[in-house]
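Report on the following structure.
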Amino acid sequence: MGIMAASRPLSRFWEWGKNIVCVGRNYADHVREMRSAVLSEPVLFLKPSTAYAPEGSPILMPAYTRNLHHELELGVVMGKRCRAVPEAAAMDYVGGYALCLDMTARDVQDECKKKGLPWTLAKSFTASCPVSAFVPKEKIPDPHKLKLWLRVNGELRQEGETASMIFSIPYIISYVSKIITLEEGDIILTGTPKGVGPVKENDEIEAGIHGLPKVSSATLPVRLQE
């Protein structure tokens, strides 16, 4: 192991990983909730690496939104570089997992959708990707058998089973890697189940995976400057 590798532990992927690739519309119940169409291939969008908000740091609410939503997602952290990887081999490239929130300025996204514009303003702002501690691959033998939950101020808002993903994790990795070369430390957010909803200043968000010790909690104490 060289010095580079030693100073870049996968368990702190958010400090050095480059790409955050997000999959939209991957749970049918959320597609219905958003009155969207189920698509024959994944919808992809990107967040910059400055979107990471590691566990314990605040979620920042952009000044330009009045309707910030939480979207709970299982993140798949890449353990090695892959390009155009076949579905059958895709899981060999996974290093581990993290619970993520895809924070979304819903009012801004609605405007973008109306105008046919990209979702960057709605999805890619600073601290729009809170992440939990890293969960090594060995701890999750089957990522399609998890139950995710999210609470706001102690009230259960989202609960979903990864078994109901429309596109499986190997399919997503294979699909994404044909378009974007994935590197070690990159993460793929695999979509959100139903129950997305608004948060306001000082709300407390807590999220986890049933059967695993509490993996994440975060508070929302901050609003960005105008």
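Each residue takes its place number in the sequence, starting with 1.
In this structure, the separation between NE2 on His69 and CZ on Arg157 is 8.5 Å, given to the nearest 0.5 Å. In this structure, CH2 in Trp119 is found 9.5 Å from SG in Cys112, a value given to the nearest 0.5 Å. Leu101 contributes atom CG, which lies 8.5 Å from atom OG1 of Thr192 (distance to the nearest 0.5 angstrom). Taken from CG in Leu150 to CG in Leu156, the straight-line distance is 8.0 Å, to the nearest 0.5 Å. Considering NE2 of His144 and OG of Ser164, their distance stands at 11.0 Å, rounded to 0.5 Å. The NZ atom of Lys200 sits 9.0 Å away from the CE atom of Met61 when rounded to the nearest 0.5 Å.
Between Tyr52 and Phe13, the ring center distance clears the sub-6.0 Å criterion.
In this structure, Asp186 contributes its side chain and Lys18 its backbone to a donor-acceptor pair below 3.5 Å. The closest donor-acceptor contact from the side chain of Arg25 to the backbone of Gly191 lies at 3.5 Å or more, if one exists at all. Under the 3.5 Å distance criterion, the side-chain polar atoms of Asn67 are left unmatched by any main-chain donor or acceptor of Arg106. At distances below 3.5 Å, at least one donor-acceptor pair connects side-chain atoms of Ser124 with backbone N or O atoms of Leu46. At least one donor-acceptor pair closer than 3.5 Å links the side chain of Lys47 to the backbone N or O of Ser128. Between the Thr104 side chain and the Asp102 main chain, a donor and an acceptor come within less than 3.5 Å of each other. No donor-acceptor pair under 3.5 Å is formed between the side chain of Ser174 and the backbone N or O of Pro86. In this structure, Glu73 contributes its side chain and Cys100 its backbone to no donor-acceptor pair below 3.5 Å. Ser177 contributes a side-chain N or O that, together with a main-chain N or O of Val85, makes up a donor-acceptor pair within less than 3.5 Å. Proximity of a side-chain donor or acceptor of Ser57 to a complementary backbone N or O of Pro54 within less than 3.5 Å is detected.
Ring-plane geometry between Phe125 and Tyr64 is classed as perpendicular, the angle between the planes exceeding 60 degrees on a 0 to 90 degree scale with a lower cut at 30.
Arg12 forms no cation-pi arrangement with Trp16, by the criterion of a distance under 6.0 Å to the ring centre and an angle within 45° of the ring axis.
Side-chain contact between Trp14 and Ile187: absent, with no pair of heavy atoms (C-beta onward) separated by less than 4.5 Å. With a 4.5 Å cut-off on side-chain heavy atoms, Met165 and Thr162 count as touching. Residues Ile169 and Ile188 have side chains not in contact (no heavy-atom distance under 4.5 Å, counting atoms from C-beta outward). Contact annotation: the side chain of Val77 never approaches that of Val94 to less than 4.5 Å [non-hydrogen atoms, C-beta and beyond]. In this structure, Glu161 and Lys147 have side chains that are in contact, with non-hydrogen atoms separated by less than 4.5 Å.
For Lys113, the NZ atom is densely surrounded, since the number of other residues' heavy atoms within 6.0 Å is greater than 12.
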Checking side-chain contact (heavy atoms from CB on, under 4.5 Å) for the pair Val199/Met103: CA distance, chi angles, key distance, verdict?
CA-CA 10 Å; Val199 284; Met103 301 307 295; 3.8 Å; yes

For Phe134 and Leu10, what are the C-alpha separation, side-chain angles and deciding distance, and is it a side-chain contact (heavy atoms from CB on, under 4.5 Å)?
CA-CA 8 Å; Phe134 177 75; Leu10 201 56; 3.8 Å; yes

Worked verdict on Val76 versus Tyr97 for side-chain contact (heavy atoms from CB on, under 4.5 Å):
CA-CA 5 Å; Val76 179; Tyr97 302 91; 4.0 Å; yes

Trace of the salt bridge (charged side-chain N to carboxylate O under 4.0 Å, His left out) decision for Lys123 with Glu71:
CA-CA 11 Å; Lys123 295 278 197 180; Glu71 296 196 4; 3.4 Å; yes

Quick one: do Glu184 and Arg8 satisfy side-chain contact (heavy atoms from CB on, under 4.5 Å)? Show the steps, please.
CA-CA 10 Å; Glu184 186 188 1; Arg8 296 198 322 179; 3.8 Å; yes

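No hydrogens or angles considered: nothing links the side chains of Thr190 and Asn26 as a donor-acceptor pair under 3.5 Å.
The residue from Arg151, Lys194, His70 that alone fulfils the side-chain hydrogen bond (donor to acceptor under 3.5 Å, both in side chains) condition with Gln158 is His70. Between Leu189 and the choices Leu74, Val131, Ile20, the side chain to side chain contact (heavy atoms under 4.5 Å, CB included) rule is met once, by Ile20.
Hydrophobic clustering places Ile179 together with Val176 (ILVMFWY residues linked when any side-chain heavy atoms are closer than 4.5 Å, directly or through intermediates).
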